[in-house]
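Each chain gets a letter, A, B and so on, in the order the sequences are listed, and its residues count up from 1.
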Amino acid sequence: MIETIKSRIQESCGELGWPQTSFIVERPRDRAFGHVSTNVALTLARPLKKAPREIAEVLIRQIREKIPHLAAIETAGAGFINFTFSAAYFQSFVTQIREKRCDFQRDFVGKGKTVQVEFVSANPTGPLTIGHGRQAVLGDSIARILEWHGYSVTREYYFNDAGRQMRMLGLSVLARYRQLLGEEWQIPEGGYEGEYIFDIARDFRKEYGDAVAADDLQRFIDFAARQIFLTIRDSLKRLDIRHDIYYNEKDLYSSGKIDEVLKELDEAGYLYHEGGATWFRTSRFGAEKDRVLVKNTGEPTYRLPDIAYHKEKIRRGFDLIIDIFGADHHATYPDVKAALEALGYSTGHIRVLLHQFVTLTRDGEKIKMSTRKANFVTLDELIDLAGADVVRYFYLMRSMDSHLNFDIALAQKQSDENPVFYLQYAHARMCNILLHSREKHIDSYETADLSLLQEAEVLALIEIMIEFRDVMELCLSSLEPMYLTNYLYRLATAFHKFYTVHRVVTEDIALSKARLQLVDAVKTLLANGMRILGISAPEKM
RNA sequence: GCCCCGAUAGCUCAAUUGGAUAGAGCAACGGUCUUCUAAACCGUAGGCUACAGGUUCGAUUCCUGUUCGGGGUACCA
């Protein structure tokens, strides 16, 4: 409808010989301003050198007959034009939703296109933290939003089980293993001190016995990485998150892709050697200073494989590439981008999403999270505490640009009043009504007189349902699932209000049937939205 | 120093990407269950949108500066 009005306005302005301006057509906050409102007269005031209200009056006369379902059109305020539609317009959507079900207002703009979403990508040095959880849920829901729009999505996890960090992990397990054998061994400086290292050491001992030599470090590393990786996968599975591809950084080395990138950058004249290290001229791309790609030890920095990996992503031919990183990674991508451009690749189809940190508080006190030190709460512990639905919902409640404050005590205490239950309760209520109608021997409400749907609460509810398309479009363009979360909350609110005021199943069979169709439509839409967020929609609570 | 994010009700966050009287939840106070689930609904109270300028018909939103918080600025990842 908004699109229709917009093009009718453009058409009418043309007929009146007025210039094209950039104006908006939107749903106003306040119902007193109609169902749809436009500021076009305000934007025309300057070029036409006339009062906005005067322009609005002329335009209204020109456009009135062109808008279907129009009940009223008037000018208000500084010169806004407000459109009000007939009830029949809203009623028609109930039928539409019930026919299209999950495809209501779905446009497959991504049909035939491929997109890769890389997220989590934690190295197997410890269990997933609450910070990883945010990224996991965000990434998965973004993937679901893309799928709903018809994209073919590859969920990818990039990890590294080699290098310095893994050596520290191996040494830490070794130390705990030796301690289990009653020996004096210290966790090395910079090692991992978490309780889970003990568990791994115990399992290791069970598997390999007591006689593993200290210089067999690789065996400790491999065992620990495998164990940890399994727990990471299990944690994600609990949130209904699965990756299609686990991309191992090691493959970039073994396949020669690292060397290839170095060679290409060198040939293009972007590399130089200094102090035994290989430097990349990032300053040519506007960076403050150049970066080291290969240390003087011969070991690459993390930037080099990152570059090779992204080159590989591009080579694999995705139409869209989405990287989700924590805020601490914001400095690395510009270097990757610079390198890709140096290699002659276009990076326009890569979108990097940075989410801010999760701040954890317990009893009002901030907890600094670190995997290395043991003072973190794991994602698993959080799921134990609050349940998968609550955890997913909580992560999707706010924009990724803002810090997430997570009070553990509150999450526990609030389990009764948590907003996710508000949505689920609305869904369960609707299921119960439909069930109840059958008990009252209203077997079928397939045919109903929808013109009976007239009350303010009913029309308000339908009006919100119509917004679904805009919300999904916004989710797609911004890649922010939060818009859907907030929308579903508003939908649930509108339903709860309707429910409180109007009884669905009554002696009035005709009215009951019309309302049952309405309830069925709301239920369908709510369940669809919850599925996209990855939150379950229970039939009973 | 430089770069990124934030600052809105006592607390946690919204505000349809520049619109009309800035909204929810929690916390406080009061009201609504004989009828489809009260995990709900209604009401009261709570604000110089961090501060100072600018842009225009119009700014929480855009620009500049300042202050405060978070994250970067590694031959750590």
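A donor-acceptor pair under 3.5 Å is absent between the side-chain atoms of A:Asn160 and the main chain of A:Asn123, judged by distance alone.
No close placement of the A:Tyr333 and A:Phe325 rings is indicated, their centers lying 6.0 Å or farther apart.
Summarising the geometry, the separation between CG on A:Leu354 and P on B:rG72 is reported as 12 Å, rounded to the nearest angstrom. The CD atom of A:Gln424 sits 12 Å away from the P atom of B:rA40 (whole-angstrom rounding). The separation between A:Tyr483 atom OH and B:rA15 atom C1' is 10 Å, rounded to whole Å.
B:rU21 and B:rG58: their P atoms are spaced 14 Å apart (whole Å).
The phosphate of B:rC33 has neither OP1 nor OP2 within less than 4.0 Å of any side-chain N or O from A:Thr500.
Nucleotide B:rU32 is shown with an anti base, its glycosidic torsion being more than 90° from 0.
Stacking between A:Tyr425 and the base of B:rA40 is absent under the criterion of ring centres within 5.5 Å and planes under 30 degrees.
A donor-acceptor contact under 3.5 angstrom links the side chains of A:Tyr422 and A:Thr493, judged on distance only.
Side-chain atoms of A:His330 come within donor-acceptor range of the base of B:rC3, with a qualifying N/O pair under 3.5 Å.
Nearest to the side chain of A:Asn405, among B:rU60, B:rA24, B:rC13, sits B:rC13. Of the listed nucleotides (B:rG69, B:rA38, B:rA20), B:rA20 has the atom at the smallest distance from the side chain of A:Pro28.
For the pair A:Arg303 and A:Phe280, the cation does not sit on the ring face, since its NZ or CZ is not both under 6.0 Å from the ring centre and inside 45° of the axis.
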